[in-house]
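Here's the structure we're looking at; comments come further down.
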Amino acid sequence: MAQRRGDEVELWRQLSVLVAEVSTQLDRKLARSTGVGLSEFLALNTLAAGDPGGIRMQQLADAVGLNQSSVSRLVARLEDRGLARRSTAEQDRRGVHAMITEEGRQVCREAATLFDREVALALDLASIDGRTAAVVARLRYLPPETTGRD
C-alpha cells in the first residue's frame with residue numbers, strides 16, 4: 001500500500017507541475033495573440049457552449065474554477081471589451097446571467113485554435129520531461145475506464 005500511495009503522490013506532484021507550467025504558457029500566448037488570458041478564454045468558451053440566453057454567474061464561476069467575486073470582475077473585463085454582456089435573469093430578477101457576444105464568439109474561436117495547438121505541444125514536451133512524463137502518459141494513454149476509481 002505504501003508504494004501505491006507514493007505513486008499517487010508523485011503523480012499529483014507531476015500533475016501540479018504540468019498544470020502550473022502549461023497554464024502560465026497558455027495565459028501568455030493567448031493574451032499576446034488574442035488579447036484574452038486563459039481564464040477569460042475559459043469563460044468565453046463556457047459561454048459559447050452554454051445556453052444562448054446566458055448562464056448564471058455562479059455556474060460560470062464553477063466552470064472556470066473561480067469564486068463568484070473573481071468571475072464577476074472577469075465578466076466585467078469581457079463586457080468592457082464587448083466580448084460578453086450581463087443581464088438580469090428573466091425568472092429571478094436577483095439572478096445575473098452572462099452571455100457571449102458575436103465578437104466574443106470570434107475571439108473564442110481564434111483562441112480555441114491556439115489553445116488546442118499549444119496544449120498538444122505542451123503535452124508532447126511534457127511527455128519527455130522527467131518531472132511530468134508519468135502523468136502525461138496516464139492522461140494520454142490509459143483507456144478512460146481505467147482512469148476512474150479503483
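Only heavy atoms go into these numbers, but all of them, side chains included; no hydrogens, no water, no symmetry mates. Just so we're clear, the structure is a prediction, and the values are computed from it rather than from any experiment.
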Task: Under the side chain to side chain donor-acceptor pair (under 3.5 Å) test, residues paired with Gln58 that sit two or more places apart - done: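 Side chain to side chain donor-acceptor pair (under 3.5 Å) list for Gln58, sorted by chain: Asp62.
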
TODO: For Gln25, enumerate each residue passing the side chain to side chain donor-acceptor pair (under 3.5 Å) test, keeping only those at least two apart in sequence or located in another chain.
DONE: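 Partners of Gln25 under the side chain to side chain donor-acceptor pair (under 3.5 Å) test: none.
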
Open item on the list: In the structure I gave you, are the side-chain heavy atoms of Met99 and Pro52 within less than 4.5 Å of one another anywhere?
Closed with: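 The answer is no; the side chains never approach within 4.5 Å.
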
- [ ] Kindly indicate whether the side chain of Leu18, heavy atoms from C-beta on, has any atom under 4.5 Å from the side chain of Leu123.
- [x]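 Counting from C-beta outward, Leu18 and Leu123 do come under 4.5 Å.
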
Please give me the minimum heavy-atom distance between [X] and [Y], naming the atom from each residue.
{"X": "Leu44", "Y": "Ile100", "value": "O-CD1, 3.6 Å"}
{"X": "Leu60", "Y": "Val75", "value": "CD2-CG2, 3.6 Å"}
{"X": "His97", "Y": "Gly53", "value": "ND1-O, 4.0 Å"}
{"X": "Ala43", "Y": "Leu74", "value": "CB-CD2, 3.4 Å"}
{"X": "Ile55", "Y": "Gly50", "value": "CG2-CA, 4.3 Å"}
{"X": "Ser127", "Y": "Ala133", "value": "O-CB, 3.3 Å"}

Open item on the list: Looking at Thr132 and Ala126, would you say the former's side chain and the latter's main chain have a donor-acceptor pair under 3.5 Å?
Closed with: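 Yes, the answer is positive, given that a donor and an acceptor are paired below the 3.5 Å cut-off.
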
Task: Thr24 (side chain) donor-acceptor with Ala20 (main chain) under 3.5 angstrom - done: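 Such a contact is found between Thr24 side chain and Ala20 backbone.
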
Task: Within residues 70-83 or reaching into it, pairs that qualify as salt bridge (Lys or Arg N to Asp or Glu O under 4.0 Å) - sequence neighbours excluded - done: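 For residues 70-83: Glu40-Arg77, Glu79-Arg86.
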
Open item on the list: Please list all pairs meeting salt bridge (Lys or Arg N to Asp or Glu O under 4.0 Å) that have one or both residues in residues 41-55, counting only residues at least two apart or in different chains.
Closed with: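 Every pair satisfying salt bridge (Lys or Arg N to Asp or Glu O under 4.0 Å) with a residue in residues 41-55: there are none.
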
Task: Qualifying side-chain hydrogen bond (donor to acceptor under 3.5 Å, both in side chains) pairs with a residue from residues 26-39, counting only residues at least two apart or across chains - done: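 Output for this query lists Lys29-Glu118.
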
Open item on the list: Filter on side-chain hydrogen bond (donor to acceptor under 3.5 Å, both in side chains), then keep only pairs touching residues 101-115, sequence neighbours left out; what's left?
Closed with: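 Passing the test, one end in residues 101-115: Gln106-Arg109, Gln106-Glu110.
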
Please list, chain by chain and in numerical order, all residues satisfying salt bridge (Lys or Arg N to Asp or Glu O under 4.0 Å) with [X], sequence neighbours excluded.
{"X": "Asp124", "answer": "Arg140"}
{"X": "Arg117", "answer": "none"}
{"X": "Glu21", "answer": "Arg131"}

TODO: For side chain to side chain contact (heavy atoms under 4.5 Å, CB included), just list the numbers for Phe115 and Leu38, CA-CA rounded to whole Å, side-chain angles, deciding distance to a tenth of an Å, and then say yes or no.
DONE: CA-CA 9 Å; Phe115 180 90; Leu38 181 57; 3.8 Å; yes

Task: Rounded distance (nearest 0.5 Å) linking atom CZ of Phe41 with atom CG of Leu83 - done: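 Going from CZ on Phe41 over to CG on Leu83, the span is 13.0 Å.
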
TODO: Identify whether Val36 and Val119 are in the same connected component of the hydrophobic contact network (ILVMFWY, side-chain heavy atoms under 4.5 Å).
DONE: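 Same hydrophobic cluster.
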
TODO: Identify whether Val136 and Val17 are in the same connected component of the hydrophobic contact network (ILVMFWY, side-chain heavy atoms under 4.5 Å).
DONE: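 Different hydrophobic clusters.
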
Open item on the list: Through direct or indirect side-chain contacts below 4.5 angstrom among Ile, Leu, Val, Met, Phe, Trp and Tyr, which residues connect to Leu121?
Closed with: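 ILVMFWY cluster around Leu121 also holds Leu125.
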
- [ ] Could you note down all residue pairs passing ring-ring contact (aromatic ring centres under 6.0 Å, His included) where residues 8-29 supplies at least one of them, sequence neighbours left out?
- [x]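 Passing the test, one end in residues 8-29: no pairs.
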
- [ ] Any pair with a residue in residues 49-76 that passes ring-ring contact (aromatic ring centres under 6.0 Å, His included), sequence neighbours left out, goes on the list, sorted by first then second residue, please.
- [x]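 For residues 49-76, and leaving out neighbouring residues, there are no ring-ring contact (aromatic ring centres under 6.0 Å, His included) pairs at all.
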
- [ ] With side chain to side chain contact (heavy atoms under 4.5 Å, CB included) as the test, would you mind laying out the steps for Leu15 and Leu11 before giving the verdict?
- [x] CA-CA 6 Å; Leu15 181 60; Leu11 283 173; over 6 Å; no

